[in-house]
**Q** 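To start, I am sharing the structure in question, which I have written as structure tokens.
Lettering follows sequence order; numbering is per chain, from 1.
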Number of protein chains: 2
Amino acid sequence: MLSVHSDEYFMQQALKEAQLAFDKGEVPVGAVVVSQNQIIARGHNQTEQFKDITAHAEMVALTAASHFLDSKYLTDCTLYVTLEPCVMCAGALAWAQLDRLVYGAADDKRGFMRFGKRLLHPKTRVEFGFLEVPCRELLTTFFKSKR
Amino acid sequence: MLSVHSDEYFMQQALKEAQLAFDKGEVPVGAVVVSQNQIIARGHNQTEQFKDITAHAEMVALTAASHFLDSKYLTDCTLYVTLEPCVMCAGALAWAQLDRLVYGAADDKRGFMRFGKRLLHPKTRVEFGFLEVPCRELLTTFFKSKR
């Protein structure tokens, strides 16, 4: 029997990563990288833990995926991330020549889409809005708890 | 006697880092981070060594500077880099709230300035063209040797 996971399943896994960030007091964003229907890398935001603004969920997952594949390029991979990537992460995904980007909640203030899809590699397909409500609610709960 | 180093001196140090990258067969880009007239971090491109597109000179130097300062923010720092930063690195410098960016050679194809200074933090001052000729020549020599 073929077991093919859905976008919703993989976004649930990204959301689990976001919850790990939440539990550590980090802005709750999580990501997974999928190749051939398998999760090959996971990451969550660790900028406070490492005191390093480059430790975004996408960057952590992208670096882990490159190590797993022993390749700088993620040309057959999909990245699932709970929040719209920022400019830094979009620039990284462009270098990696990512095949497909799927994100949950939009980030009108910090997200790369302010500049449009041209920040990504021309071949990268983009979809968004998967599990948008729980992805955003986790962020809202986090920021409310910080006030 | 006050010993105050010039922009040219610090760019020479960034160029030394670029030479280290060149010697390893990496695209020769180098960077240093300066705080209060002292170099607090250095970095050169290591994307081939680590098979990781996030290991740009700027990212390596920025992460090292954050560790040195034990802070995510580089609000009193200048980054000297031999080549105009890409979108990823500009996005990282924006998060770090860098005070001042000084770069050598322009990068019309991959540089962040295609999108303008708005990719950086509004407070970041930008200057360029320091030691532009040797910075570019090292890159030209590298790419010629790869043909």
Side-chain angles (χ1 to χ4, degrees), chain A residues 26-27 29 33 41 43 45-75 77 79 84-98 107 109-122 124, chain B residues 26-27 29 33 41 43 45-75 77 79 84-98 107 109-122 124:
Chain A
E26 301 272 1
V27 174
V29 181
V33 177
N45 180 31
Q46 291 175 287
T47 50
E48 294 302 326
Q49 183 183 346
F50 296 138
K51 287 217 174 71
D52 183 347
I53 55 84
T54 71
H56 280 192
E58 299 93 320
M59 304 292 271
V60 174
L62 188 157
T63 294
S66 287
H67 287 180
F68 179 85
L69 296 173
D70 196 29
S71 168
K72 293 191 300 176
Y73 303 112
L74 306 180
T75 47
C77 295
L79 180 102
E84 180 184 333
C86 72
V87 167
M88 171 182 71
C89 292
L93 299 176
W95 283 113
Q97 301 182 15
L98 185 77
D107 184 353
K109 204 171 161 192
R110 299 282 204 168
F112 79 98
M113 285 296 259
R114 289 170 297 153
F115 302 100
K117 275 186 63 181
R118 64 203 176 126
L119 253 56
L120 298 172
H121 192 275
T124 304
Chain B
E26 301 271 2
V27 175
V29 181
V33 177
N45 180 30
Q46 292 175 287
T47 50
E48 295 301 327
Q49 184 183 346
F50 296 138
K51 287 218 174 71
D52 183 347
I53 55 85
T54 72
H56 280 193
E58 300 93 318
M59 303 292 272
V60 174
L62 187 156
T63 293
S66 287
H67 287 180
F68 180 86
L69 296 172
D70 196 29
S71 168
K72 292 190 300 176
Y73 303 111
L74 306 180
T75 47
C77 295
L79 180 102
E84 179 184 334
C86 72
V87 167
M88 171 182 71
C89 292
L93 300 175
W95 283 114
Q97 301 183 15
L98 185 77
D107 184 353
K109 205 171 161 193
R110 299 282 204 168
F112 79 97
M113 285 296 258
R114 290 172 294 152
F115 303 100
K117 276 187 63 181
R118 64 202 175 124
L119 252 56
L120 299 171
H121 192 275
T124 304

**Q** So how far is it from A:L74 CG to B:I53 CD1, rounded to the nearest 0.5 Å?
**A** 7.5 Å
**Q** So what's closer than 4.5 Å to chain B heavy atoms on A:L62: side chain, backbone, both or neither?
**A** side chain
**Q** Mind ranking B:M59, B:R114, B:R110 by heavy-atom pairs under 4.5 Å with chain A and telling me who comes out on top?
**A** B:R110
**Q** What part of A:F50 lies closer than 4.5 angstrom to a heavy atom of chain B: side chain, backbone, both or neither?
**A** backbone
**Q** Would you check if A:L119 and B:F115 make a side-chain contact, meaning some heavy-atom pair closer than 4.5 Å?
**A** yes
**Q** So do the side chains of B:T54 and A:T54 get within less than 4.5 Å of each other, counting heavy atoms only?
**A** no
**Q** Side chains of A:T63 and B:D52: is there a donor and an acceptor less than 3.5 Å apart?
**A** yes
**Q** Minimum heavy-atom separation for B:S66 and A:K51, please, with both atom names.
**A** CB-O, 3.3 Å
**Q** B:A90 versus chain A, heavy atoms under 4.5 Å apart: side chain, backbone, both or neither?
**A** neither
**Q** B:E48 and A:K72: which non-hydrogen atoms are nearest, and at how many Å?
**A** OE2-NZ, 2.6 Å
